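To keep things clear, I will list the structure first and then write my remarks on it.
Note that the coordinates shown come from a computational prediction; the quantities given were computed from them, not determined experimentally. Residue numbering restarts at 1 for every chain, and letters A, B, ... go by the order of the sequence lines.
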Amino acid sequence: MLKDMMPHFDLYQPNTLDAAVDLAGRLGTDGWLLGAGQDSYDWLKNRTKRTPAVIELAGIEALKGVREVDGGLEIGALTTLTEIEEHPVVRERFRVLSLAAGRVASPQIRNAGTLGGNLCQDARCWYYRYGVDCYRAGGNMCYADTPEGMNREHAILGASRCVAVSPSDTATAVVALEGVMVIRSTKGERLVPAADFFVQPAINIQRMTVLEPGEILVAVRIPAKWSGASYYFEKIADRAAWDFALVSIAAVFVFEGDLIKDASMVCGAVACVPWVLKGSQDELRGQPRTAETSDKAAWAAVVGAKPLHYNHFKLPLMENLVRRAIREA
Amino acid sequence: MPMGEPAQEWTYGDLDATFAKCKVVYDDTFVHGSNSHHSMEPRSALAHWQNGKCIVYVSSQSQSFIVPPLAQMIGIPPSDLVVIAEYCGGGFGSKGNAYPIQALPALMSKKINRPVLLRISRAEEYYNGSARHGFQGRVKLGFAENGKLLAADLYVVQENGAYNSFWDFRNAGDALAMVYQPEAMRWRGVPVHANSPLRSAQRGPGYNQLVHIIEPLIDRAAHQLGIDRVAIRLLNDPVTGSPGGVKRTPTTSCYLKEAIRCGAKEFDWENKLAMCGQRKGSKGYGVGVGQAYHPAGFNGFDGLVRIAPDGKLHIHTGVGNLGTFSHSGTSRIAAEVLKIDWADCVVVRGDSRKHLPWNIGQFGSNTSFTMARTNFVAATDALNKLKEIAAQQFGGKPEDYDVDGKRVFRRGSPGTGMTYGQAAQRAIALGGKFDGHQLPEDINPMTRDSATALAGSGLIGVAKDKLKVGGETAAFAAAFVMVELDYETGKYTILDFVGVADCGTVIHPAGLQTQIKSGGIQGFGVAGLERIIYDPQNGLPHSIGFYQARPPTYGDIPLNMRTCAVDLPDPTSPMGTKGIGEPLLGSAASALLCAISNAMGGHVFNRTPVTSDMILNKLYNIPQAHGPLQTNCQ
Ligand SMILES: Cc1cc2nc3c(=O)[nH]c(=O)nc-3n(C[C@H](O)[C@H](O)[C@H](O)COP(=O)(O)OP(=O)(O)OC[C@H]3O[C@@H](n4cnc5c(N)ncnc54)[C@H](O)[C@@H]3O)c2cc1C
Ligand code: SF4
């Protein structure tokens, strides 16, 4: 229940990355990293999650902005979603990311919300957010995957006990563009491919990402590989704004005449992680861009899908978005 | 569907014989979901006690109307209660009457002898702020070959939540009888308590749910009988004098046909219709027309005005402020009667210490009808007194005098007269009925107390509304919607909207436009987006924030929403006004539901809301996730 008022916590406001890394290392699980708080404040005000201390990253200039590196980009984790949406180079060369950032939440949330926060946001399963003692919260049952569970928004793929979905709109685009996450801690820097950054419940049911306590996502590198590629992004949600995806797709293609030379396709809101459509990509490579090819890719996308009581509609929706991406990229 | 003994029922006409005459008969079950009121301001209240009086700041649609019931909840006489209700961030019916959260801080404050503020969070608003009553039901409709609805048999099971609440189920029967005028009809209804959050009246309670169910069925009949959907409505619609309800009370005015014609023209129905039916790529168009009704004829309240010695007109209004500013819109009627510039008027309101009359609350689409009458009778009383005072002073009979420019003067001799300020001073000198020391017998005790408090401070106009009634005064509305449906995603875009009000004489065009548009937007939410659901196994509420309950956003509505009004007077209102607010939602929601069906090739759903997953399931032959009469589904 929304309690409306901020609880007490110690607030740290470092203005250098080193200071933040030091603090994060020292506080470990007790130090809640804060981008713009658009996800965090819900948890804290609702008292569903508590923390003794918050490390606000907003004062660290080095974590902000979009830089061109080796034909690709390095985007600071504190860059706002609006900035990414409007950045001329992102628009021109990696448009799928600009479109994805532009479909997050609402203009107000995009003006404040950061890329790091958007990628690291927690599951949106309403049971979990309500504060029940489900698997993800450390308990021993899933409330959504029951005969009467209200699971219209939940996963159809890749579930393991937890059927929550990855809610992040930018994550689909970052994974499709084969981004690399730059992570810092007192132990140094490590790079993790975006596709491996997000964690399936079978591996760790209480985490959405590989980030360990004390680690900070400092930037996302977008390699040159898909620069200027044909792209498609679409997010289907109940409302045009201020709503999470029912299914979304981020896709980039390299076409050679009528042939599909290469494709990278990722769906959001169908699994606990941004769901890479490997089967579809395999169906597409080297094939002509025809309705028949897209049908095959669409069918491959949903192989293994296990819809829940209320979300069978996600199957045709996902298939259609795959067809559309191929047709309209 | 179980159809046991209903709690209530009525019938008129010979149902069996009329059904036997019908060419087409439908017998369907239906579901109408519940949805929250989404008032922007959660229902907070502040109370403290001073000199034996309890002072309560409330979030309320109403001002005077809630004083007696709230005093009762607090356990004090109404005269010991001060209610301050200056502003209200929306109520949509849920803050029409007094409610317990207004009383709780008063009771706590009494115990601790300190001011107490009770704040309700957004999440709490979703269960103690109440929601629209959901319906499950069955309806049998019989049509003649020409499309006339001859017979109707309606059974409504109303979800009540955990407490007794509103009578939407009854209103549904009245709406069917009025909007479609069947020759014979039976209504049966039963409200059922459920272990779910509080329910209460919401914009067009029952009247709107009914049209959301029936309008798509009217389209189905039109389709089957080969009749245009506008034409079938024109055939069935009521006109002035048409009877309503089981009592068959005639309407005092009804221009629904005019509203439909006006909307069809503005919308360009014929041409838009011609665009539907072909699929372009993954998309296609659908158009819909919807209509709705709400009775709006409350009367018998009081009016109170005062002309002060400085010549200004003080219009005391206890109607409340839902956020629509109709407290001032309706006060202008007093200014018109007394031919006084609006700049010389003071609207006195928002605090019961300001000596307010006994007025209706701001609900039931009634303000513009009911308050037009009270302000008219009070101003007329003041006018008569002005003329009497002038006649006493300058000779002749009161009828020889007229008013204008803040003066009362002899007709044909404008120089013979006095200013309103002088007349007010004269009224004070004369005392008695002129300055409020002597009051009409029939006014409410609240008005009597207020007028008594004002006595001696100017010329007092005070009266009870005893104007002619003569039938059922009701508001009607029509709406037209065009959608583009995406057959690959189940999503639709509303491309065009025209809303038309039959609200009597238009007294505030800008206010009316806002009402039509906002009613339309709310209707789009009810028809396609909103939900208030919970996990049935664990009783957990799902919809505890705007983003989960999903009222429409700017992105979900057409950029250009067009409005018009029939603008024909109702004879029982001195200014020709009648209700506005509620059917605007119902007609827009119905038009949208009909447009979606149209884009899908004909009647599809007997339930509201129609969400994109339902549309996809239907298009791809996937069984719907919900059971046949299931409520509380996604
Ligand atoms: C009503 C509503 C609607 C929304 N709709 C959408 C939507 O449609 N699509 C969508 O994608 N999102 C949506 N969101 C989520 C919102 O966009 C994200 O929560 C927001 O982008 C998060 O950014 P932030 O900077 O405010 O994150 P914060 O709240 O500050 O952080 C979110 C999480 O990330 C962690 N974190 C933040 N920065 C870092 C970092 N640099 N390193 C490591 N961890 C970090 C925090 O500890 C926290 O756990 C919605 C949120 C709300 C409230
Ligand atoms: S889906 Fe996951 S987060 Fe939701 S109730 Fe089940 S275990 Fe918890």
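Residue A:Ala144: no heavy atom, backbone or side chain, is found under 4.5 Å from chain B. Residue contact with chain A, scored on non-hydrogen atoms closer than 4.5 Å, is absent for B:Glu530. Using a 4.5 Å cut-off between heavy atoms, A:Arg323 makes no contact with chain B at all. For chain B, the nearby part of A:Val132 is the side chain; its heavy atoms alone come within less than 4.5 Å. Of the atoms belonging to A:Thr146, it is side-chain heavy atoms, and not backbone ones, that fall under 4.5 Å from chain B. Proximity to chain B (any heavy atom under 4.5 Å) is restricted, for A:Glu234, to the side chain, taken from C-beta onward. Contacts between A:Leu315 and chain B at a heavy-atom distance below 4.5 Å are absent for every atom of the residue.
A pairwise comparison of heavy atoms in B:Thr489 and A:Leu321 identifies CG2-CD2, 4.3 Å as the closest pair. Here the closest heavy-atom approach between residue B:Thr553 and residue A:Ala241 is recorded as CG2-O, 3.6 Å. In this structure, B:Glu488 and A:Asn320 approach most closely via the heavy-atom pair O-ND2, 2.8 Å.
Between A:Tyr127 and B:Leu540 the shortest side-chain heavy-atom distance falls below 4.5 Å. Put simply, the side chain of B:Pro623 does not reach to within 4.5 Å of the side chain of A:His312, judged on heavy atoms. Two residues are said to be in side-chain contact when any heavy atoms from C-beta on lie closer than 4.5 Å; B:Arg531 and A:Arg152 meet this criterion. The shortest side-chain heavy-atom distance between A:Tyr130 and B:Ile544 falls under the 4.5 Å cut-off.
Side-chain N or O atoms of A:Arg239 include one that pairs as donor or acceptor with a backbone N or O of B:Pro551 at under 3.5 Å. Under the 3.5 Å distance criterion, the side-chain polar atoms of B:Lys491 are matched with a main-chain donor or acceptor of A:Asp238. Between the B:Asp535 side chain and the A:Gly149 main chain, no donor and acceptor come within less than 3.5 Å of each other. A donor-acceptor pair is defined here as one N or O able to donate and one able to accept, closer than 3.5 Å; such a pair exists between the side chain of A:His309 and the backbone of B:Ala625.
Contact tally against chain A (heavy-atom pairs below 4.5 Å) for B:Ile615, B:Leu616, B:Leu619: the top residue is B:Leu616.
Aromatic ring centres of A:Phe244 and B:Tyr547 lie closer together than 6.0 Å.
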